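To start, the structure under review is shown below, and the notes come after it.
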Amino acid sequence: YCSILSKYLKNIETFIDVGAYKGVYIEACLKFFPSATVYAFEPTPENAEKISRRLPKVKIFNFGLSNKNTNKKFYLNKVSSRNSFKSKTD
């Protein structure tokens, strides 16, 4: 995706990764736009910490985003890619 963007957009200064997971998308985009400012939102504490250690220039926020101003429970699963604001029974 980032390689496609780089063909059409030559100077991306900022990008936002919502649900950054482990930062793979961030790493890929920084290869094409190394001077970009990155804002990453990742509600899973362990994943946010890993991104913070691996990619220190990324501004990481350890919470999720929504279209509503509310607090919600975040469900952690054994497989972190399945963490969600929805419970297993939803």
Side-chain angles (χ1 to χ4, degrees):
Y1 182 74
C2 295
S3 64
I4 294 169
L5 279 178
S6 69
K7 292 178 184 178
Y8 299 101
L9 303 170
K10 299 300 178 195
N11 187 23
I12 291 181
E13 295 178 5
T14 304
F15 70 86
I16 300 168
D17 189 353
V18 178
Y21 185 45
K22 294 185 179 180
V24 175
Y25 174 76
I26 296 167
E27 287 179 311
C29 284
L30 285 174
K31 288 179 184 175
F32 292 95
F33 308 104
S35 63
T37 300
V38 181
Y39 298 94
F41 296 85
E42 174 50 50
T44 305
E46 297 82 18
N47 290 342
E49 179 62 31
K50 287 177 185 176
I51 293 169
S52 182
R53 281 195 314 265
R54 248 185 30 257
L55 302 166
K57 92 174 227 174
V58 172
K59 294 169 178 42
I60 184 89
F61 299 91
N62 185 210
F63 55 83
L65 294 180
S66 173
N67 62 341
K68 297 177 184 172
N69 186 9
T70 185
N71 290 319
K72 293 187 82 173
K73 183 173 180 165
F74 191 69
Y75 297 91
L76 300 177
N77 292 283
K78 289 181 183 178
V79 178
S80 67
S81 64
R82 294 183 181 170
N83 294 343
S84 176
F85 286 109
K86 293 187 175 194
S87 71
K88 292 179 184 179
T89 60
D90 284 348

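Every value quoted in this text rests on a predicted model; they were computed, and no experiment measured them.
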To the nearest 0.5 Å, what is the distance between CG on L76 and CD on E46? 6.5 Å
OG of S52 to CG of N47, rounded to nearest 0.5 Å, is 12.5 Å
Do the charged groups of E49 and R53 touch, with an N to O distance under 4.0 Å? yes
Among residues at least two apart in sequence or on other chains, which ones pass ring pair (Phe, Tyr, Trp, His ring centres under 6.0 Å) with Y21? none
For residues 24-39, dump all side-chain donor-acceptor pairs below 3.5 Å to protein atoms at least two apart in sequence or in another chain.
{"unit_1": "E27", "atom_1": "OE1", "unit_2": "R54", "atom_2": "NH2", "d": "3.3"}
{"unit_1": "E27", "atom_1": "OE2", "unit_2": "R54", "atom_2": "NE", "d": "3.3"}

Could you report the tightest heavy-atom contact between [X] and [Y], atom names first, then the distance?
X	Y	answer
Y8	I4	CD1-O, 3.2 Å
N62	A48	ND2-CB, 3.7 Å
P43	G64	CB-N, 3.7 Å

Do T44 and E42 have side-chain N/O donor and acceptor atoms under 3.5 Å apart? yes
Is there a path from [X] to [Y] through hydrophobic residues (I, L, V, M, F, W, Y) whose side chains come within less than 4.5 Å of each other?
X	Y	result
I16	I51	no
V58	I12	yes
L55	F15	yes

Would you say K57 has more than 12 foreign heavy atoms packed within less than 6.0 Å of its NZ? yes
